[in-house]
Structures are given as C-alpha cells and as structure tokens.
Amino acid sequence: MKRTHNCGELRKQDVGKIVSLAGWVDRRRDLGGVIFVDLRDKYGKTQVVFNPDRNPEVHKIADKLRNEFVIYITGEVQNRPEGMQNDKISTGDIDVKVDNLQILNESLTPPIAINDPKEECKENDDFRLTYRYLDLRRPWIQKNLMLKSRFLKAVYEFFYANGFENVETPVLCKSTPEGARDYLVPSRVNPGKFYALPQSPQQYKQLLMIAGMDRYFQIAKCFRDEDLRADRQPEFTQIDVEMSFVNQEDVMEMFDKFVTDVMGKVWNFTPPRHIRHMDWHEAMLKYGSDKPDLRFDLEIHDVSDIAKESNFGVFKSVVAAGGKVRGIAAKGCIDFTRKQIDDLTAFVGRYGAKGLVWMRVKEDDVVETQVGKFFTTEQLNAFRDTVGAKNGDLMFFIAGPEKTAATAMGQLRLEIARMKGLKDPKRREFVWITEFPMFEYSETEGRYMAMHHPFTAPLPEHLDMMLSGNLKDCNAQAYDLVLNGVEIGGGSIRIHDPKVQEKVFRLLGLSEEQVKEKFGFFVDAFKYGAPPHGGLAFGLDRVVATLEGEDSIRDFIAFPKNTSASSPMDQCPSDVDLAQLNDLHISINIADKKK
RNA sequence: GGGGUGGUAGCUCAAUUUUGGUUAGAGCACCGGCCUGUCACGUCGGAGGUUACGAGUUCAAGCCUCGUCCAUCCCGCCA
C-alpha cells in the first residue's frame, strides 16, 4: 500500500494527478447519487467523491462507509466546480474522483463526536479519558500534541546550541523528607525497602555539577503524590536545567534568551529581550500573589496606616494585632449589584478573609459607604487617594493577618479582572519573581520549612542573618518565571558550601543523624570540591498550555489521569495478584469500607 | 482532610409560576426511505430511559430527606 500524498497537502497544482490517500472517514454526505467523504488524517482533510456515473461498483461500496471507517482510495485530483470551493480547509479548491476504494477497517459508531470543532467538545473529562484513543483523534487535540512536539524539538536545539549536555537520571530513587509525598516502589530483592519515584531530579543534577558536567539539561518525568488540580498531574514533565559557575543573573539571562529563542520562535511572538524582575515582597503587596498576572493593573495598596486611626473596630483591631488592611480600586465597577458584592464577599471568604468592606466613589470623587460613620471625611478621601479611585469606581478593603489580607485581595483582584474581561488572552506578560524568603513558618508542622527546597542558597548579604538564626527576614537566591499569572518555571542558586548546607538542615529541624541517613551521600559529595552552581526547571505541560491560553494541562498530555489519579481507560491503578504482593513482601491493610 | 457544583437516551442538556401529579422531552449521533455538487447537506419516518446506587417521607418522587459512590472546581496540600 502506498500513499502518494497525505490528506492535507493536495492543491490546485495537483489537478489531473492520480493519487492514493488513506485515512479515516470524518464525515459522509450521501446526496442519493453522488457521495462525498471527508477523508481525515493527522495532516488535514481532503474531500473525496464517489460518483455512480463514473464508477458504479466503487459507489456501491462507498454506500457502506460510516464515520471512522479506515479507507484507502485511489483517484484523480480535480478542480471543484466554480463556486463549490471550501475556503475553510486548505485542500478546499480540489477534490478526488475515486476509482478504487478499499475498506481497511470498519468502525463501531464512535461514542464521542470526533469531527466536532473544539467549542462543541463538552463531554465530561472522565468520559473523554475512557475513550482517550478516540478523543486523541480530534484534530484540535492532535494540534496540541504536535505543538508540544515542535516545542520540544526547539528546546533540544537550544540547549545543544548553548553547550548543555543531555544526561539521564534514575527513576528509581531514594525517598527523601521535605517536599511532596513520594510515589513508592517496593523492592523485591531488598525485602521491606522502597524506592521513590523522583519529585524532580534535583539532587542528581547537582551531583552532575559536582561531577564537572558544567551544563546539564533533561526532559525529565517527575512524580508527586499530592491532590490534583486542572493544572497538576501525578506525573508531569520538567525541562530540567543546571549550570556551574553561575549566579542568579547568569541563569536568568540564559532563560531570557530561552524565552526569546524557543518560546518566541515556536509561538511566533517577540518577548522582551530582558524579562522584567519584581521582588517577592512587591509582588505580594501589589498583586497579592507570588505569581502576578501583569496583563492588567488593578494594583493593591496598603491602607493600614489610615485604617488604624479610624473608629472602625475591625480595621483597628486587625492592625493592632499586627495585621494589615489592603485596598483596591475596581475601575468602573460602581454599578456592581448588591448580589455581586455579596458573591465577592463569599469568594474572598474562601481565602480566609473575614469580610469585605466596599465604598463607592461618586460624582466629584465623593466617597459613599455604609460604614461611613466610622471614618472621617479625610480618612475616606485618604483611602480613595491611596488606592487611586475616581468617580465611577468601587473600592474594596480586606483586613487580616498580612498573608491572608494579601492573598485574599490578590484573588479578588483576579476575580474582578475576570468579571471585567481584563485578561487579554492574546497578551503575554512575563516576569521574574526574585528574592523569595528562604523559610516559611508552617503552622501544621510547627517549624520553619524551606520555601523553595533545602538546597537553596540565601542571598550573600543575608547569609550572616541566617547563620545568626534570623529566619524570618532571610531571602533566598531563588527565582520563578511567571507568565500571565502562571508559574511556568522556577529555580535557585544552590548552596555549595557544606557548612552552610549543614546549618540549613539544622535550621529546618533535621538532626545530624537524620541528615546522615537521608542526605549523607549528598552532603559528602560537597566535601570534594563542589562548584558554585544553580539552575531551574520549567513545567513543560504548563508552559505549552499557558502559551496556548489554556488553564488545564490535560489536553496537552496524551494519557493524563483524572482528579483521583486514576485512568478511566485502562483502569489503573488496579489490584494485583497475591503472588506479586508476596514477591514484594507486602500485605494489604485497608480498613473495611464496603460490605 | 474540608467546601462548592453536578450525575436524566450513546453525547450535550431540558422537565415551568406555590416542596412533588398522569405517557420524562429536545438537539446531535444512530437505523430506514427519498434526494447526483454537498461540505455541520437536505428531507420524511423510526428506534433508543432501572432519571448514578440504596433507603426514607407521601395517595404519588427525576424533583423532598438521609446515606453511599463517582466526576469536576476550589481550599488545605503541591520544597
């Protein structure tokens, strides 16, 4: 069997040629006499024509064709009659008069409509995943996978061109504390012992730097056993990178170039040659997030100083307790209904806000509010001027502990932008977030945790502060790349001084013995001449999805899992034979839930 | 672990003003007839349902109550 062309390439200049095509029946239109079939493959669609006058036997076979039959045809390319061209498809000027038809395979009626355009594909995710092999036939989802493939090609080209080596690292690793829950793999030959699947190749890539590899990259599968979201899968792919003898600026400079050379080229846009920087504290204050969406303004302002002078009990007590009051001017939102404001109040409640204070700015910039009696006119005007509100705006205020006030306000900012349609899907706003805190206090753990990971180096000027035990104000040499409010990558300069590393472990509450057991080999390696090094990792699926303006990464992964980390198609995870468990020295111990 | 939303034909959804009322509808898809230039072909007809599962309230439950399961979005979590 020989295809002379694919289904997306025949044009006017091919008229008169005898061609052979193979593909799937996308749609069949039977006009009683003549039958049209849209033949589809990865490359496109071509209309083929069965005419009873030209070839009655073939026409008779064509009568049996149904959607998703796999066929092979031979015929002559012809111009379509005047006025019958279809400008919606690239092959729309021509069609193929079929002289020979072979049904290579029949198909049951597909449970999902493969030929529907993307907007029409509203089946729920689980159903699509059950028939994923059919779902993947849809042209728009094939386009996603092909785009990712093209992107990966450009990624490889970029790193090879810049002196990076592609080195594979193990998938069977040692389980380590800190970070996400590990996926575990039992060892048969080592009874009772387990491997962990890598959450990322973090330690291996640092060891490669110690080994003198200088510049490393890998397209690496990573595994995290945590609850899932639309943009989080249990296994996902990182573009993982590490470089020796670099500082923060060197790494960010390299990836400014990466954004231009790879993302810009594949998606055909021109990013700024140098992506802007914003330090973490500024991001948290102005945007209430460490991944600000900078496609629109709606900046948040701190009004604690004004609030604490007022007679409004809520504001006063929050500030007195060390909390903050943050405000925002919702431009042109003065006509929000009471219901909308109530909904927004409930919305910010999900992020811990106890309430939402709102004020209208009317003609002559007069501030009107139900809680007006607690404030002087000067205070109301000060709120207005601080948040930058004008006639026609609505002001919102949230009071609470600093982190709560910031994040609740940040979410409110995003929600207002969504309601007002400010998230322009065509814009691409990149920003490096820098100077993250080294540590973050965990209420649940009752101790400080590494905000990035425990191998991250503090800012050189904050090292003494850290060594003296001031964890709160110590910032890290860490950086995240954010695009349109999505964290698409992140990294840090690593600690290369074993003494500093030991100190960080101690500050994180790990004893010398624990470190020895969990990280012994790693700490030892640093005693033999580790170069200064740093790197970062991009979430491959998230980069592609975000550049395509999609929130969910599932349509960019051929076989994703659903929210319960299972696959409806192959029913995995599943039970295994007792013999397998015995081999692994494992017995199942689950509480009786059913029966 | 917690919260929101949802589960009705193969798919996407509907089932009204006051807690319920007789035979659970539509579009797409499917099957059959007609139709020789359509391209989301048209047209006529047909088939298709344990209303997720279980219990309860009631003369009567798709609708009300409770439980279970599943999906999805979010919080926690995800260095």
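The chains referred to below are lettered A, B, ... by the order of the sequence lines, with proteins before strands, and numbering in each begins at 1.
- For the C1' atoms, the distance linking B/C70 with B/U8 amounts to 16 Å, nearest Å.
- Backbone-only engagement by A/Ala450 is indicated by non-hydrogen atom pairs under 4.0 Å involving sugar-phosphate atoms exclusively.
- Looking at A/Thr91 and A/Glu9, their side chains never bring a donor and an acceptor atom within 3.5 Å of each other.
- Of the listed nucleotides (B/C73, B/C11, B/C75), B/C75 has the atom at the smallest distance from the side chain of A/Tyr351.
- Ring planes of A/Phe436 and A/Trp280: tilted class, angle from 30 to 60°.
- Considering only side-chain N and O atoms, A/Thr109 lies nowhere under 4.0 angstrom from the phosphate OP1 or OP2 of B/G10.
- Proximity of A/Arg542 to the phosphate of B/C78: no side-chain N or O atom is located under 4.0 Å from OP1 or OP2.
- Taking atom P in both B/G7 and B/A52, the straight-line distance is 8 Å, to the nearest Å.
- The CG atom of A/Asp125 sits 13 Å away from the C1' atom of B/G6 (whole-angstrom rounding).
- The pair A/Lys561-A/Asp125 does not meet the salt-bridge criterion, since no charged nitrogen lies less than 4.0 angstrom from a carboxylate oxygen.
- Nucleotides B/U38 and B/U43 are separated by 14 Å at their C1' atoms, to the nearest Å.
- Atom C1' of nucleotide B/U72 and atom CG of A/Leu129 are separated by 12 Å, given to the nearest angstrom.
- In terms of phosphate contacts, A/Arg554 brings a side-chain nitrogen or oxygen within less than 4.0 Å of OP1 or OP2 of B/U72.
- Remark: B/C69 base-pairs with B/G7. Criterion, Watson-Crick or G-U wobble with two distances under 3.5 Å.
- A distance of about 32 Å separates the P atoms of B/U18 and B/C28, rounded to the whole Å.
- For B/U12, the paired nucleotide is B/A26, the pair qualifying as Watson-Crick or G-U wobble because both relevant distances are below 3.5 Å.
- Phosphate proximity of B/C70 to A/Ser564: absent, as no side-chain N or O sits under 4.0 Å from OP1 or OP2.
- Going from the C1' atom of B/G49 to that of B/U12 covers 16 Å, rounded to whole Å.
- Sorted by first then second residue, the salt bridge (charged side-chain N to carboxylate O under 4.0 Å, His left out) pairs that include residues 403-414 of chain A, not counting sequence neighbours, are A/Lys403-A/Glu440.
- Here A/Met451 lies in heavy-atom contact (under 4.0 Å) with sugar-phosphate atoms only.
- We find that A/Lys17 and A/Asp14 are joined by a salt bridge, their nearest charged nitrogen and carboxylate oxygen being less than 4.0 Å apart.
- Across B/A26 and B/C69, the matching P atoms stand 36 Å from one another, rounded to whole Å.
- Residue order along RNA chain B, read from the 5' end via each residue's closest nucleotide, puts A/Asn562 first among A/Glu440 and A/Asn562.
- Look at the P atom in both B/C34 and B/U72: the space between them is 46 Å, to the nearest Å.
- Heavy atoms of A/Gln202 sit under 4.0 angstrom from at least one base atom.
- The residue A/Asn124 sits close only to the backbone: its heavy atoms come under 4.0 Å of sugar-phosphate atoms, none of a base.
- Side chains of A/Thr434 and A/Asp279: a donor-acceptor N/O pair is absent below 3.5 angstrom, by distance only.
- Ring pair A/Phe522/A/Phe526 is perpendicular by interplanar angle, where above 60° counts as perpendicular and below 30° as parallel.
- Rounded to the nearest Å, the gap between the C1' atom of B/A9 and that of B/A15 is 14 Å.
- Using a cut-off of 4.0 Å between Lys/Arg side-chain N and Asp/Glu carboxylate O, A/Arg11 and A/Asp93 are scored as not salt-bridged.
- Side-chain proximity of A/Arg224 to the nucleotides B/C73, B/C78, B/C30 is greatest for B/C78.
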## Note on the structure
Its contact letters, B for base, S for sugar-phosphate only and - for none at protein heavy atoms under 4.0 Å, make nucleotides 35-42 of chain B read BBBBBSB-
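- Pair assignment for B/U57 gives none, since no Watson-Crick or G-U wobble pairing has each distance under 3.5 Å.
- No option in A/His533, A/His496, A/Arg494 other than A/His533 meets the side chain to side chain donor-acceptor pair (under 3.5 Å) test with A/Gln206.
- The 5' end of RNA chain B is approached more closely, in terms of each residue's nearest nucleotide, by A/Ala230 than by the other of A/Ser200 and A/Ala230.
- A donor-acceptor contact under 3.5 Å is formed by the side chain of A/Arg232 with the base of B/C78.
- Not a single donor-acceptor pair, N or O on each side, falls under 3.5 Å between the base of B/G76 and the side chain of A/Arg181.
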